[in-house]
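Structure first, then comments.
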Amino acid sequence: MSQNAIKKVFDLGDGRMIEIETGKLAKQADGSVVVKMGDTMLLATVVSSIGAKAGTDFLPLSVDYQEKYASTGRIPGGFLRREARLSDHEVLISRLVDRALRPMFPDDYHSDTQVMISLISADKNIMPDCLAGLAASAAIAVSDIPFNGPISEVRVARIDGNFVINPYLSDLERATIDFLVAGTEHDIVMVEGEADEISEEDMVAAIEFAHKAIVIQVQAQKELAEMVGKTIKRVYSHETHDEDLKAKIYAATYDKVYAIAKSNSAKQERGDAFGAILMDFIASLGEDLDDTTGFLAKKYFHDVQYDAIRNLVLDEGIRLDGRDSRTVRPIWSEIGYLPSAHGSAVFTRGETQSLTTVTLGAKSDEQMIDGAFFNGYQKFLLHYNFPGFSTGEVRPNRGAGRREIGHGNLAMRSLKKVIPMDDNPYTIRIVSDILESNGSSSMATVCAGTLALMDAGIKIKAPVSGIAMGLITDEKTGKYAILTDILGDEDHLGDMDFKVTGTEAGIVACQMDLKINGLKWEVLTAALKQAGEARLHILNEMKKTISAPREDYKPHAPRIVTLKIDKEFIGAVIGPGGKIIQEMQRETGATIAIEEKDNLGIVQIFADNKEAIDKAVSRIRAIAARPEVGEIYEGKVKTIMPFGAFVEIMPGKDGLLHISEIDWTRHETMEGVLNVGDIVQVKLLDVDKQGKLKLSRKALLPRPPRPEENKPAEA
């Protein structure tokens, strides 16, 4: 069997090369490639079933990205010692690729399709996430699967004032912009990332710069497909149509749907009304109704809703809830709603509501990240929960899904930009529970998270708000409408979902998904400007509730005291096998963590009451203190020797109290003078070159008068 691979190599634009190889690995997949940059290698495969399951009117696409531990020369942790379910990091990359690929498949293609991307070799300085979209698209490009691509994804960062494509990990720490951008040869389809309070113009410039690199990568995939001979795609037929039924349902329901869309009704009321129209039409079919007709009727009725709602916006400028294109729904918020939480807030915008809490924890509460590419600890956590009741649905609670992980990550990106991590000693956990949802609960999480942080007394740099923008376009007429604060239906039926978060100074995070081709740069710029107006409006509403962080933490919130001790005392504080530190924690009730940093011991003492902290501080200072000559100490007699006693004046520090320094009396023996366990006050007279301590009790006692001083004066 031939092992000859077909390769395409191209320049990233700065002399760094990317190689795409096919025909060597995973040849039974419909398409497979290996993408290589430096020592980082990704294997991407795609398989799509022939035909589609009956009754399917969507694309059953799954995208999974996984990092193999062997790629970094590591063995997985845990009991099983093997790769398990996808980590949050892997889920987030899977979502990024999915969001870029999904709009590119034909609307009428419904085959089960699976894309798998594996990190099989890792260069620690070349991040694989910016290559995952390229790998996935290239695998489809060399297959016969119908696809309106290729697409590619790149990371664009601004480092030292200059834009860089796919920067090295070591340089990314200095970045003021960090976006992952996906697009086709002509259009942008997805953007996600974070920034340091940048302007709208800077954001557009970054996306434009990224698109130039995407064009090069798309062209390379086209050339590879020609080399492989996969320019002709498979023939398929996944849909049946009944044009007479479609015309009939449009004639019977369009005006009714348009009227309800224009009626300014609430979400539930509107949904019930739409449902009633559909049921009435299906009932009117009588004997003509069968499974196929019923399925097509629901499909065409969705098309009616799509057209009616969009036409209402484009023709009359009226939205489902009666707003114009720029108005933000009514907002109310409250802080301190939960008396026992360290910080809490309720944020409600229209029919979307988040109840968010902040919990302050110790260093031991940090989350351990044990991934193949990233491993370490993080002290800021944000978790987002989306229960079924928030949308009036019955849905089992199966834990966080990909949607929850993705929405929580966007809010986390936004808020971490304003938390002073270097000066903050706490592990911070934010939890957003969505209690109602009708449009952009992730942006409600950002707003509620900001309020809860300020309620908790965390000194954030500036409040952050977020807004979800939408877009409705008509390619035939060229009309378009940019929508502020979109509803759930506007997200579903619109052409763009664009979430932007920021402070008064600028943008800190964004997430954009496009469902159309040909978004003009001027439309994107206008959408960002309109989003900026909405963000400032929301910030002003939030400030009516709380405008700055509380001066202090809540009375019941835990406190952290940080001590710096000499490096040599770290072992003494910990003790053999952790005996000393465990004993201190048990006896004081405080949680104590210690680490070495910059040749110092950094000790964090964590407790929810001052007494526990004071006790722990006192004991640690006693252990780590250096005995000072001339100081007076209260010590315990530890050992009696013929020539004196050894007295412990600090934990682990004994000094010799010589028999001649016990008092002013001359003692021939130590018998009966002192006993083990006696508490005595002593003065430190000297520390010799070997560190031995010389103590004196006599120096603290008044000197008795000499015999001649007691003689009577001569007459």
Side-chain angles (χ1 to χ4, degrees), residues 57-58 102-103 107 245-282 295-330 349-352 391-393 436-441 443 467-499 512-519 523 526-527 530-531 534:
D57 63 346
F58 64 95
R102 192 175 292 271
D107 291 338
L245 177 64
K246 184 175 183 179
K248 188 176 181 179
I249 198 169
Y250 261 80
T253 65
Y254 181 87
D255 291 341
K256 296 176 183 178
V257 169
Y258 193 94
I260 290 172
K262 194 176 178 179
S263 66
N264 188 16
S265 53
K267 175 185 176 182
Q268 192 66 48
E269 180 186 349
R270 185 171 61 247
D272 292 343
F274 285 149
I277 294 173
L278 175 61
M279 291 300 101
D280 288 345
F281 177 81
I282 290 177
F295 173 79
L296 289 176
K298 293 177 182 178
K299 174 182 174 61
Y300 295 147
F301 184 73
H302 177 273
D303 294 341
V304 170
Q305 290 178 285
Y306 180 87
D307 288 341
I309 293 170
R310 291 166 65 91
N311 290 339
L312 179 64
V313 173
L314 292 173
D315 295 340
E316 300 191 49
I318 299 175
R319 300 165 65 178
L320 287 170
D321 57 0
R323 285 180 294 149
D324 62 26
S325 63
R326 291 179 175 268
T327 300
V328 177
R329 287 172 291 173
R349 186 192 63 249
E351 296 172 298
T352 297
T391 53
E393 298 174 274
E436 291 183 61
S437 180
N438 184 16
S440 194
S441 52
M443 297 297 93
I467 191 69
M469 307 297 294
L471 177 69
I472 291 178
T473 61
D474 186 340
E475 293 183 10
K476 295 178 181 177
T477 64
K479 290 182 180 179
Y480 70 88
I482 299 169
L483 306 180
T484 293
D485 184 19
I486 57 175
L487 304 172
D489 286 340
E490 291 171 335
D491 180 7
H492 176 61
L493 300 173
D495 299 323
M496 178 179 75
D497 178 15
F498 193 1
K499 301 180 178 73
M512 179 175 75
D513 292 306
L514 282 171
K515 307 169 190 176
I516 59 165
N517 298 325
L519 178 66
V523 176
Q530 193 167 316

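Throughout, residue positions are numbered sequentially from 1 according to the sequence presented. Everything numeric here is computed off the predicted structure, so don't read it as measured data. Keep in mind that the numbers below use all heavy atoms, side chains included, and drop hydrogens, waters and symmetry copies.
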*side-chain contact (heavy atoms from CB on, under 4.5 Å) between L471 and M469: does it pass, once the steps are laid out?*
CA-CA 7 Å; L471 177 69; M469 307 297 294; over 6 Å; no
*Steps toward side-chain hydrogen bond (donor to acceptor under 3.5 Å, both in side chains) verdict (Y480, D495)*: CA-CA 10 Å; Y480 70 88; D495 299 323; over 6 Å; no
*Please step through salt bridge (charged side-chain N to carboxylate O under 4.0 Å, His left out) for the pair D513 and K515, ending with a clear verdict.*
CA-CA 7 Å; D513 292 306; K515 307 169 190 176; over 6 Å; no
*What do the steps show when you test E351 against D321 for side-chain contact (heavy atoms from CB on, under 4.5 Å), and what is the final call?*
CA-CA 11 Å; E351 296 172 298; D321 57 0; over 6 Å; no
_Could you walk me through whether D315 and Y258 satisfy the side-chain hydrogen bond (donor to acceptor under 3.5 Å, both in side chains) test, starting with their C-alpha distance in whole Å, then the side-chain angles of each, then the deciding distance to 0.1 Å, before giving a yes or no?_
CA-CA 12 Å; D315 295 340; Y258 193 94; 5.1 Å; no
*Could you go through the side-chain contact (heavy atoms from CB on, under 4.5 Å) check for V304 and F281 one step at a time?*
CA-CA 13 Å; V304 170; F281 177 81; over 6 Å; no
*asked:* Does M443 form a side-chain contact (heavy atoms from CB on, under 4.5 Å) with I467? I'd like the steps, not just the answer.
replied: CA-CA 6 Å; M443 297 297 93; I467 191 69; 5.5 Å; no
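For the pair L487 and K267, the minimum side-chain heavy-atom distance is 4.5 Å or more. A heavy-atom distance below 4.5 Å is not found between the side chains of K479 and R310.
Shortest non-hydrogen contact noted between V328 and A534 is CG2-CB, 3.9 Å. In terms of heavy-atom proximity, F274 sits nearest to Q305 at CD1-NE2, 3.2 Å. Closest non-hydrogen pair, Y306 versus L493, comes out as CE1-O, 3.3 Å. Across all their heavy atoms, I482 and A526 have their closest contact at CD1-CB, 3.7 Å.
Within a 6.0 Å radius of NZ in K298, no more than 12 heavy atoms belonging to other residues, nucleotides or ligands are found. In D107, the CG atom is not crowded: 12 or fewer heavy atoms of neighbouring residues, nucleotides or ligands sit closer than 6.0 Å.
Checked by atom type and distance alone, the side chain of R323 pairs as donor or acceptor with a backbone atom of T484 at under 3.5 Å. For R270 (side chain) and S265 (main-chain N/O), a donor-acceptor pair under 3.5 Å exists by modelled atom type. In terms of modelled atom types and a separation under 3.5 Å, the side chain of S437 and the main chain of T391 share no donor-acceptor contact.
Taking CZ of R329 as the reference point, atom OG1 of T352 lies at 4.5 Å (rounded to 0.5 Å).
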